[in-house]
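One structure below.
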Amino acid sequence: MKLNQLLTNVKTDAPLQSLPNPEITGLVYDSRKVTKGCAFVALKGYTSDGHKFLKSAVEGGASALVVSDEPDFEVPSGVAVIKTPDTRLALALMSAEFFGNPAKELMTVAVTGTKGKTTTTAMIASIFEKAGIKAGTIGTLGIIYDGKTIKTDNTTPESYEIQKALRDMVSCGCKAMVIEASSLGLKHSRLAGMTFDVGIFTNFSNDHIGGVEHKDMEEYLFCKSLLFRQCKNAAANIDDKMWQEVTKDFKGDILTFGFSDSARLRASNDRLLNENGFIGIHFEASGIKKLSVDVGIPGKFNAYNALAAISAVSFFDVPDEAILEGLKAAGVKGRVEPVRVPGNYSLLIDYAHNALSMENVLTTLRQYNPNRLITMFGAGGNRPKVRRYEMGEASGRLSDLSVITEDNSRFEDVMDIIEDIKMGLAKTNGKYVVVPNRKDAIRYCIENAQDGDIIVLAGKGHEDYQEIKGVKYHMDERELVAEIINELNDK
């Protein structure tokens with residue numbers, strides 16, 4: 001692709017016709033990945049500045065440099081230097097062009113909000129799949145499509161990774177894509193260059209303030225609102241007091257959802273479900289859709305996520321049957337994820353790995369009035385000890401039984417970590433047992449399960465490894481559960 005085509009939508013300080021116009025073989029923003037004929041985009045990060053690597057990019061064969069600051073060396077005459085005010089924005093616009101604007105070939109939904117992005121994204125994708133629409137997702141759990149998961153560093157990856165993923169999704173037959181639009185992703189123009197078919201707002205609360213994130217709540221709110229400048233349609237949680245502020249830049253009618261009587265998609269008659277290992281929530285939807293909904297993820301707050309998902313797909317040709325099937329089957333890997341077991345009890349895998357997340361999930365599950373709530377957990381090594389005390393105290397208060405075990409002990413002795421957890425448990429009247437090996441701990445939970453119990457395997461969630469003494473060993477709790485059940489059946 002010629003450089004001037006790549007720069008079609010990029011604001012430059014000099015006219016394109018005054019610059020060399022080489023054939024560009026690739027886009028690179030990491031100088032270590034420079035290849036002959038590529039365009040190198042110099043990004044300014046929190047700890048590094050790509051402008052420091054311009055010379056090495058040229059030496060590596062880059063044919064063009066995209067900069068916001070003038071190079072501090074004499075650039076060879078054959079290398080184009082494109083100066084632009086915002087190189088992150090330039091990278092996004094160039095990436096979209098480089099991959100042929102793949103978003104235009106997909107049904108696209110972007111979800112923003114403080115909480116619920118991951119779950120809502122999974123729900124929407126599940127509905128699409130039940131409707132026979134192959135879908136990919138991008139978010140906290142990585143880039144997921146066609147049975148593959150590509151891990152990413154950020155909830156909303158860099159723009160180049162997004163555009164490449166969209167092109168790959170199109171190539172493998174995807175017709176839809178759902179992405180988590182984080183405030184930082186929007187702040188840093190990672191989603192620029194696309195117009196989404198639907199933008200969704202879930203909720204807004206205090207988070208990501210300070211350090212290298214947002215300087216204050218006003219900036220955080222503003223960055224959330226940026227999504228609605230690039231959407232054809234929008235839906236918002238009317239029960240969140242900030243919904244109008246977040247969506248103020250949207251030009252058009254907004255589909256509101258919530259429990260409020262004024263919502264265009266309303267939920268009512270909600271109740272918790274706990275039947276034969278199925279833990280979730282039921283509600284009736286009215287307004288633009290009249291549905292009797294069962295959601296396969298526990299907690300009343302998931303009624304809001306389900307309403308957001310219904311709102312999103314209502315802008316497409318998706319049958320109600322697919323909505324109902326998709327929401328019942330929806331799940332997020334490692335987030336109160338049910339695992340099939342043969343007994344009359346429920347087994348869940350959850351990523352809760354600190355006191356706050358543990359308190360949230362256990363409080364939610366307490367509402368289901370289990371026979372016993374059993375929590376199996378450990379704590380990470382080489383991390384603040386206070387976290388262990390707090391986790392022990394949270395589980396002791398909220399669980400009927402705590403099963404203490406290992407979890408990424410890293411360079412510490414697992415028994416030392418367990419002793420710290422026990423100090424927190426000692427502040428409560430909670431019962432506990434110690435089973436240091438994680439597989440043995442899971443076996444203990446399964447062998448001692450009673451009818452109506454809810455068992456939570458906490459801490460690992462979507463992780464598929466165990467880190468010990470600097471080595472990451474493969475360990476997927478879903479596989480361990482299956483192995484244990486098979487071993488018990490063979491006895």
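The pair E487-K439 meets the salt-bridge criterion, with a side-chain N (NZ, NE, NH1 or NH2) lying under 4.0 Å from an Asp/Glu carboxylate O. Electrostatic pairing of K290 and D320 does not count as a salt bridge here, judged by no charged N lying under 4.0 Å from a carboxylate O. Under 4.0 Å is where a charged nitrogen must lie from a carboxylate oxygen, and between R190 and E161 no such pair does.
Between F201 and F228, the gap from one ring centroid to the other reaches at least 6.0 Å. Between F283 and F259, the distance from one ring center to the other does not fall under 6.0 angstrom.
Residues meeting the salt bridge (charged side-chain N to carboxylate O under 4.0 Å, His left out) test with E359, sequence neighbours left out: R397. Residues forming a side chain to side chain contact (heavy atoms under 4.5 Å, CB included) with D464 (at least two apart in sequence, or on another chain): K151, H474, D476. Taking R388 as the reference, E412, D420 meet the side-chain hydrogen bond (donor to acceptor under 3.5 Å, both in side chains) condition, with sequence neighbours excluded. Scanning for salt bridge (charged side-chain N to carboxylate O under 4.0 Å, His left out) contacts around K328 gives an empty result, with sequence neighbours left out. Residues passing the salt bridge (charged side-chain N to carboxylate O under 4.0 Å, His left out) test with R383, sequence neighbours excluded: none.
Considering K241, M242, E245 as possible partners of F204, the one that fulfils the side chain to side chain contact (heavy atoms under 4.5 Å, CB included) test is M242.
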Would you tabulate the side-chain donor-acceptor contacts of residues 297-311 under 3.5 Å, counting partners in other chains and residues two or more places apart, or write 'none'?
unit_1 : atom_1 : unit_2 : atom_2 : d
N302   : OD1    : N305   : ND2    : 2.9
N302   : ND2    : P298   : O      : 2.6
Y304   : OH     : D239   : OD2    : 2.7
N305   : OD1    : T120   : OG1    : 3.3
S311   : OG     : L307   : O      : 2.8

